[in-house]
Amino acid sequence: MKLSSLFSQKIPTLSFEVFPPKTSDTYDSVKSAAEKIASLKPDFMSVTYGAGGGTSEYTASIAGDILNNFNVTPLAHLTCVNSDKKKVESVLSSLKDKKIENILALRGDILSGEENKKREYKYAASLVEDIKKYGDFCVGGACYPEGHPEDLSLANGIEHLKEKVDAGCDFLTTQMFFDNNILYSFLYKIREAGITVPIVAGIMPVTNGKQIKRICALSGTYLPQRFKTIVDRFGNNPSAMKQAGIAYATEQIIDLLANGVNAIHVYSMNKPDVAAKIQENLSEIIPKRT
Ligand code: FAD
């Protein structure tokens with residue numbers, strides 16, 4: 001199913017994310033985690049693309065497994081900045097062979113030391129265009145409610161986001177955020193800028209306090225005081241942190257749904273127990289489709 005058809009139904013949706021293995025020896029454990037999450041029958045599952053693209057075939061194979069063995073719609077991520085047109089075409093061909101219809105088109109991060117390298121792709125918008133030209137895919141892009149670290153300003157980022165949507169994005173998925181007011185303000189600004197495609201809210205249930213402080217410091221993600229207090233209090237107790245992180249994410253999701261944000265994507269990070277708990281917490285709010 002194309003995600004554009006799912007979103008056009010304007011019903012609450014719950015989806016999960018998995019990331020592929022970095023090396024072949026962990027392939028089986030990642031596949032097994034992805035299968036456990038798929039057996040929860042979410043509305044769709046995204047499979048990320050390894051930074052640099054070295055393990056690109058795992059994305060296609062895990063996405064294909066989710067679709068063919070669990071009948072769960074996959075969203076395959078694809079990055080371009082460290083790749084070229086020939087490689088992109090071969091990935092598209094492999095996705096098409098596996099009957100995967102949805103792609104999240106990303107630029108990817110520029111590898112350190114390669115900032116001045118000549119490249120065929122500079123921004124995700126060109127990848128969006130190429131995928132649309134290639135064939136019948138539903139294409140999404142990434143967006144950043146707090147701005148991308150390379151943006152001169154949030155307004156400047158939104159101008160480039162509009163170009164990316166005009167290149168053919170059918171929907172956008174957000175970077176994680178921990179304060180819903182940041183998303184509501186961003187939604188107001190992008191709608192004003194003429195971006196009308198569905199927005200999928202990316203929610204990260206924090207299960208490792210130290211790790212999240214590091215990631216947020218790098219990406220500039222705002223941590224509300226209430227969230228910091230939870231991490232300070234429970235960060236050294238992994239099972240308490242997991243329970244508190246799931247509760248915080250659940251509350252965030254309920255507030256989003258109450259305010260009309262229908263598409264919820266959980267960065268479940270290959271953790272079936274976290275995905276299952278969030279789904280259970282929302283069982284009456286987003287009933288499982290049969
Ligand atoms: P772009 O949309 O190209 O934007 C990158 C920057 O360039 C922004 O600052 C933008 O404003 C600016 N820009 C765009 N166009 C122009 C222009 N014409 N002139 C000047 N500036 C411009 N990474 C992975 O490696 N694998 C993944 O699977 C993955 N999944 C992700 C999923 C989501 C939901 C998100 C939010 C991020 C994901 N990332 C992933 C990380 C992503 O690759 C990085 O954040 C990357 O730095 C930017 O990618 P983008 O597609 O947003 O880039």
Side-chain angles (χ1 to χ4, degrees), residues 3 15-22 30 34 44-60 62-63 74-83 87-88 91 95 100 102-112 114-115 119-131 139-178 182-183 186 189-190 193 195 197-204 215-216 218-221 263-270:
L3 293 184
S15 52
F16 297 120
E17 181 162 294
V18 292
F19 54 82
K22 287 195 177 74
V30 171
F44 68 92
M45 275 172 74
S46 70
V47 186
T48 67
Y49 197 79
T55 55
S56 64
E57 70 276 13
Y58 296 143
T59 298
I62 289 178
L75 167 63
H77 292 204
L78 173 58
T79 67
C80 60
V81 77
N82 301 304
S83 185
K87 169 78 183 168
V88 163
V91 175
L95 294 176
I100 293 160
N102 305 291
I103 301 178
L104 194 72
L106 299 142
R107 185 194 70 177
D109 286 321
I110 295 166
L111 300 176
S112 106
E114 295 195 355
E115 291 79 3
R119 45 187 96 240
E120 288 187 6
Y121 286 103
K122 208 164 170 200
Y123 300 111
S126 316
L127 177 64
V128 173
E129 257 174 37
D130 281 358
I131 301 173
V139 180
C143 66
Y144 304 82
E146 296 176 65
H148 184 277
E150 291 167 35
D151 289 341
L152 299 175
S153 64
L154 186 57
N156 169 258
I158 291 175
E159 273 171 37
H160 294 310
L161 185 63
K162 174 80 168 79
E163 290 159 12
K164 183 159 73 175
V165 172
D166 289 346
C169 284
D170 297 297
F171 67 93
L172 296 169
T173 304
T174 75
Q175 176 66 286
M176 64 180 169
F177 56 92
F178 297 102
I182 289 173
L183 182 76
F186 179 70
K189 290 182 181 123
I190 62 170
I195 297 172
V197 292
I199 304 296
V200 182
I203 297 295
M204 169 81 89
I215 295 172
C216 291
L218 284 174
S219 63
T221 303
I264 307 294
H265 190 58
V266 177
Y267 294 122
S268 43
M269 314 277 289
N270 298 2

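If you're wondering where the values come from, they're calculated on a predicted model, not measured in any experiment. FYI, the numbering just counts along the sequence from 1. Note that ligands are numbered from 1 as they come in the structure, with each ligand's atoms numbered from 1 the same way.
- For the pair Val197/Ile195, a side-chain contact is recorded, criterion being any heavy-atom separation below 4.5 Å from C-beta on.
- Listed by chain and number, Thr48, Tyr49, Ala51, His77, Thr79, Leu104, Leu106, Arg107, Gly108, Asp109, Tyr123, Ala124, Ala142, Tyr144, His148, Glu150, Asp151, Gly157, His160, Glu163, Lys164, Thr173, Thr174, Gln175, Tyr267 each place a non-hydrogen atom less than 4.0 angstrom from ligand 1.
- Side-chain contact, His77 with Thr48: no donor N or O sits under 3.5 Å from an acceptor N or O.
- Summarising the geometry, atom CZ belonging to Phe171 is positioned 9.0 Å from atom NE2 belonging to His265; distances are rounded to the nearest 0.5 Å.
- Going from atom CG of Asn82 over to atom CD of Glu120 covers 12.5 Å, rounded to the nearest 0.5 Å.
- The structure places CG of Leu104 at 13.0 Å from OH of Tyr49, a figure rounded to the nearest 0.5 Å.
- Residues passing the salt bridge (charged side-chain N to carboxylate O under 4.0 Å, His left out) test with Asp170 are Lys132, sequence neighbours excluded.
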